[in-house]
Amino acid sequence: MRYGFNAATAAGVSAMPDRDVDAVIVGAGFAGLYMLHRLRGMGLSALVLEAGGGVGGTWYWNRYPGARCDVESIQYSYQFSQELQQEWEWSERYAPQPEILRYAEHVADRYDLRRDIRFDTRVKTAVYDSGPGRWRLEAEDGARFTATWCIMATGCLSAANLPELPGRDAFAGATYHTGQWPHDGVDFTGLRVGVIGTGSSAIQSIPIIAGQAAHLTVFQRTPNYTIPARNAPLDPELVRRVKADYPALRRQAWRMPNGIAFRPNPQSALAATPEERRREYQARWEEGGLTFMGAFNDLILDPDANATAAEFVRGKIREIVADPDTAEALCPSNVIGCKRLCVDTDYYRTFNRANVTLVDVARSPIEAITPTGVRVGGVEHPLDAIVYATGFDAMTGALLRIDIRGEGGRALRDKWDGGPRAYLGLATAGFPNLFMITGPGSPSVLTNMLPSIEQHVDWIADCLGHLRARGLARIEAEPAAEDAWVAHVNEVAGGSLRSTCSSWYVGANVPGKPRVFMPYIGGFPAYVDRCEAIAANGYEGFALGA
Ligand code: N01
């Protein structure tokens with residue numbers, strides 16, 4: 001169901017007058033929906049501009065087979081409303097994409113949000129007009145909007161990365177990107193399918209595509225570590241216990257560096273005996289999921305500790321995958337948890353199927369996409385369909401694809417040409433009254449996104465309340481505060497093994513992108529404390545004005 005107003009109903013858009021509101025929010029994913037709800041609650045007029053035809057953001061676009069969240073559904077949900085978290089029923093340990101999308105739709109309906117969302121509206125430019133102190137936004141369909149506050153809820157993993165492979169557009173078969181999947185699904189039955197990439201999206205979709213296709217060829221540049229999801233229907237007894245005191249679980253999660261309640265082992269891997277390590281890794285492997293990295297407290301800090309976990313997983317790959325050459329090709333050699341750990345159902349086992357071939361494109365990259373397939377090392381792999389599971393221009397892509405201009409017409413693309421610079425990941429100097437939800441320099445993608453989103457939305461809403469109460473209408477990050485925060489973000493990143501490999505965290509997957517570790521790795525609790533202290537000190541590091 002889609003209502004609210006949309007570009008189609010605004011026929012003859014050029015005749016449409018500018019719409020003027022207190023706050024314009026770009027994006028109707030979980031961040032944009034909650035931001036709208038909060039601002040409405042404060043009596044502000046707010047309008048959400050959304051490129052898609054419905055709410056849900058990442059869960060609206062990522063409809064590839066097997067898409068589900070790698071954070072357990074009981075925690076991957078809003079906590080701002082007791083009623084909402086009590087009434088919603090998740091069906092599985094890890095919710096599948098259609099169910100998460102239904103949840104987003106439920107929230108939009110429950111809080112009557114759609115009437116202030118303009119769908120099918122891709123923002124092209126956002127320009128600060130310093131005279132009246134207003135943001136002016138223009139959409140690709142020509143519609144224009146003005147607002148005092150401009151809030152980017154554009155998501156961290158929402159700008160699809162489609163590599164410029166030679167001949168890409170000459171392919172005669174069907175082409176898909178996991179992050180822009182057709183809404184009515186794709187049936188691969190009887191087809192020869194190629195999947196390019198072996199990140200989370202590929203690892204989730206490959207087992208399902210392999211079950212449909214006549215033949216599946218996987219083009220792997222870097223093997224990834226993946227831990228079994230052990231997905232299952234949610235245990236009603238567990239749900240009952242959580243719902244009896246949901247806030248207790250949420251409080252526990254807020255104290256964890258990744259914003260997820262789980263049982264980290266406070267011991268060092270190197271202090272444990274080989275047998276103790278094996279037992280701990282085995283127990284976590286059987287439990288399934290991302291908490292594997294909580295097996296010991298030094299896995300992401302000490303290369304020797306990390307190597308013990310990495311070798312455990314490589315041992316599992318060699319056990320599961322029957323062909324020794326394929327098993328070796330699937331064994332990653334880099335630090336485990338450096339790239340985001342993946343969570344799967346039957347990924348490694350899929351390579352035992354007779355209809356699945358792994359092609360290593362690390363040493364011999366893809367030469368060309370031909371009209372009939374993919375050529376690697378002079379060998380053509382004939383295909384009827386290609387799935388690009390090639391990820392995203394993460395964290396900055398969605399922002400920089402909009403031409404954002406601040407004070408004096410300065411482009412954000414220019415300001416960030418050496419990498420993103422933002423104060424707390426919430427604001428950037430030279431761009432007054434512009435906020436980013438889970439922007440670069442905030443914990444965002446290193447945490448459960450839902451609590452991180454809610455924390456940012458609440459901070460922004462409280463900040464606007466503070467300004468309004470004092471008759472102020474302008475806020476801007478101070479360059480010195482921003483510099484200090486960026487230096488701190490870089491310093492803590494340097495202490496973690498996470499910044500050491502070619503991942504999307506450092507922009508390595510997008511040719512030409514500056515190599516900077518973008519999220520804040522100092523942990524969610526430390527970050528929240530910092531944000532709260534800054535607010536309590538009258539928004540220290542921000543210049544406030546009338
Ligand atoms: O993208 P990725 P993703 N030639 O960037 C390869 C979240 N997410 O969509 O590693 C050949 O991880 C690239 O190779 P390399 C989650 O945070 C969550 O899978 O750069 N290969 C890599 O293998 C995740 O981390 C969920 O060498 C090329 C792959 O494409 C993030 O989104 C589910 C190539 C891209 O992997 C991104 O995941 C899905 C080229 N030219 C996603 N270019 C869950 O919640 C790129 N590659 C479970």
Side-chain angles (χ1 to χ4, degrees), residues 57-59 61-73 75-76 93-97 100 155-168 176-181 194-206 217-229 231 258 260 288-290 330 332-334 337-345 347 358-369 374-376 386-395 397 438 444-450 498 501-511 513 515 518-519:
T58 197
W59 303 106
W61 297 102
N62 283 264
R63 301 178 188 229
Y64 60 84
R68 59 178 75 242
C69 189
D70 57 3
V71 174
E72 297 191 25
S73 44
Q75 299 200 52
Y76 191 81
R93 178 180 179 189
Y94 296 101
Q97 173 272 331
I100 305 176
C156 297
L157 293 157
S158 47
N161 171 42
L162 195 59
E164 295 286 341
L165 295 166
R168 191 187 69 197
Y176 307 97
H177 188 284
T178 47
Q180 294 174 336
W181 204 257
V195 171
I196 300 178
T198 48
S200 294
S201 305
I203 282 175
Q204 289 185 332
S205 54
I206 280 169
T217 308
V218 176
F219 299 91
Q220 171 189 271
R221 189 163 68 180
T222 313
N224 250 309
Y225 297 94
T226 173
I227 307 296
N231 188 38
N258 60 3
I260 301 174
L290 290 177
L330 286 167
S333 58
N334 55 0
C338 185
K339 288 186 178 230
R340 187 180 168 105
L341 194 63
C342 302
V343 172
D344 72 283
T345 300
Y347 177 66
L358 181 67
V359 177
D360 186 346
V361 298
R363 266 178 240 114
S364 175
I366 294 171
E367 282 166 14
I369 308 293
V374 172
R375 196 170 66 234
V376 180
I386 298 179
V387 174
Y388 289 89
T390 45
F392 304 92
D393 182 350
M395 304 210 67
T438 64
S444 59
V445 290
L446 299 175
T447 64
N448 178 2
M449 288 301 291
L450 266 287
R498 257 190 150 139
C501 64
S502 301
S503 66
W504 57 257
Y505 294 127
V506 297
N509 61 329
V510 177
K513 190 163 173 171
R515 204 160 167 140
M518 294 180 284

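Atom set for the values below is all heavy atoms of this structure, side chains included, hydrogens, waters and symmetry mates excluded. Counting convention: from 1, in listed order, for ligands and their atoms alike.
- Ligand 1 lies out of reach of V343, whose nearest heavy atom is not under 4.0 Å from it.
- Under the 4.0 angstrom criterion for non-hydrogen atoms, W504 is in contact with ligand 1.
- Side chains of Q180 and L162 form no contact here, defined as non-hydrogen atoms less than 4.5 Å apart.
- Taking 4.0 Å as the cut-off, K339 counts as a neighbour of ligand 1 on heavy-atom distance.
- The protein non-hydrogen atom at the shortest distance from atom 17 (O) of ligand 1 is R340 CD, 2.9 Å.
- Remark: side-chain polar atoms of R498 are not paired, donor with acceptor, to backbone N or O of L446 under 3.5 angstrom.
- Taking 4.5 Å as the limit, every side-chain heavy atom of T222 sits out of range of all side-chain heavy atoms of S502.
- At least one donor-acceptor pair under 3.5 Å links the side chain of R168 to the backbone N or O of P163.
- Nearest to atom 9 (O) of ligand 1 among the protein's heavy atoms is S201 OG, 2.6 Å.
- Inter-residue side-chain proximity for Y94 and T345 is flagged as unmet; no heavy-atom pair is nearer than 4.5 Å.
- Put simply, the residue from V387, T390, V361 that forms a side chain to side chain contact (heavy atoms under 4.5 Å, CB included) with F219 is V361.
- No side-chain heavy atom of N161 sits less than 4.5 Å from a side-chain heavy atom of W504.
- Counting heavy atoms from C-beta outward, I260 and V71 have side chains that approach closer than 4.5 Å.
- Atoms of ligand 1 lying under 4.0 Å from any heavy atom of C69, numbered from 1 in the order shown and given with element: 45 (O).
- The single protein non-hydrogen atom nearest to atom 15 (P) of ligand 1 is T222 OG1, 3.4 Å, given as residue, atom name and distance.
- At a 3.5 angstrom cut-off on N or O pairs, R221 counts as close to ligand 1.
- Put simply, the side chain of D344 does not reach to within 4.5 Å of the side chain of C342, judged on heavy atoms.
- When the options Y388, W61, Y176, W59 are evaluated for a ring-ring contact (aromatic ring centres under 6.0 Å, His included) with W181, the one that passes is Y176.
- In terms of protein heavy-atom proximity, atom 23 (O) of ligand 1 is nearest to T198 N, 2.9 Å.
- Between F392 and N62 the shortest side-chain heavy-atom distance falls below 4.5 Å.
- Not a single heavy atom of V445 sits under 4.0 Å from any atom of ligand 1.
- Ranking the protein heavy atoms by distance from atom 7 (C) of ligand 1 puts L157 CD1, 3.7 Å first.
- Taking a cut-off of under 4.0 Å to the non-hydrogen atoms of R68, the atoms of ligand 1 that pass are 44 (C), 45 (O), 48 (C).
- Counting heavy atoms of neighbouring residues, nucleotides and ligands inside a 6.0 Å radius, atom CZ of R363 does not exceed 12 of them.
- Each of the following atoms of ligand 1 lies closer than 4.0 Å to a heavy atom of G391: 1 (O), 3 (P), 5 (O), 9 (O), 35 (C).
- In summary, the atoms of ligand 1 found under 4.0 Å from a heavy atom of G197, numbered by their order in the structure, are 6 (C), 23 (O), 29 (C), 30 (O).
- Proximity to P163 (heavy-atom distance under 4.0 Å) selects the following atoms of ligand 1: 41 (N), 43 (N).
- Assignment of Y64 to the shell around ligand 1 is supported, since a heavy atom sits closer than 4.0 Å.
- The N/O atoms of W59, backbone and side chain alike, include none that comes under 3.5 Å of an N/O atom in ligand 1.
- When side chains are defined from C-beta on, L290 counts as touching R340, because their heavy atoms get closer than 4.5 Å.
- Distances below 4.0 Å separate heavy atoms of G199 from the following atoms of ligand 1: 12 (O), 19 (O), 23 (O), 29 (C), 36 (O).
- Regarding atom 48 (C) of ligand 1, its nearest protein heavy-atom neighbour is Q204 NE2, 2.8 Å.
- Closest heavy-atom approach to atom 26 (C) of ligand 1 within the set P365, A202, S200: this belongs to S200.
- Among protein heavy atoms, atom 45 (O) of ligand 1 sits closest to D70 N, 3.1 Å.
- With Y225 contributing its side chain and N334 its backbone, the two residues share a donor-acceptor pair below 3.5 Å.
- Atom 29 (C) of ligand 1 has A389 O, 3.3 Å as its closest protein atom, hydrogens excluded (heavy atom only).
- The shortest N or O to N or O distance between N224 and ligand 1 is not under 3.5 Å.
- Residue F219 does not touch ligand 1, judged by heavy-atom distances below 4.0 Å.
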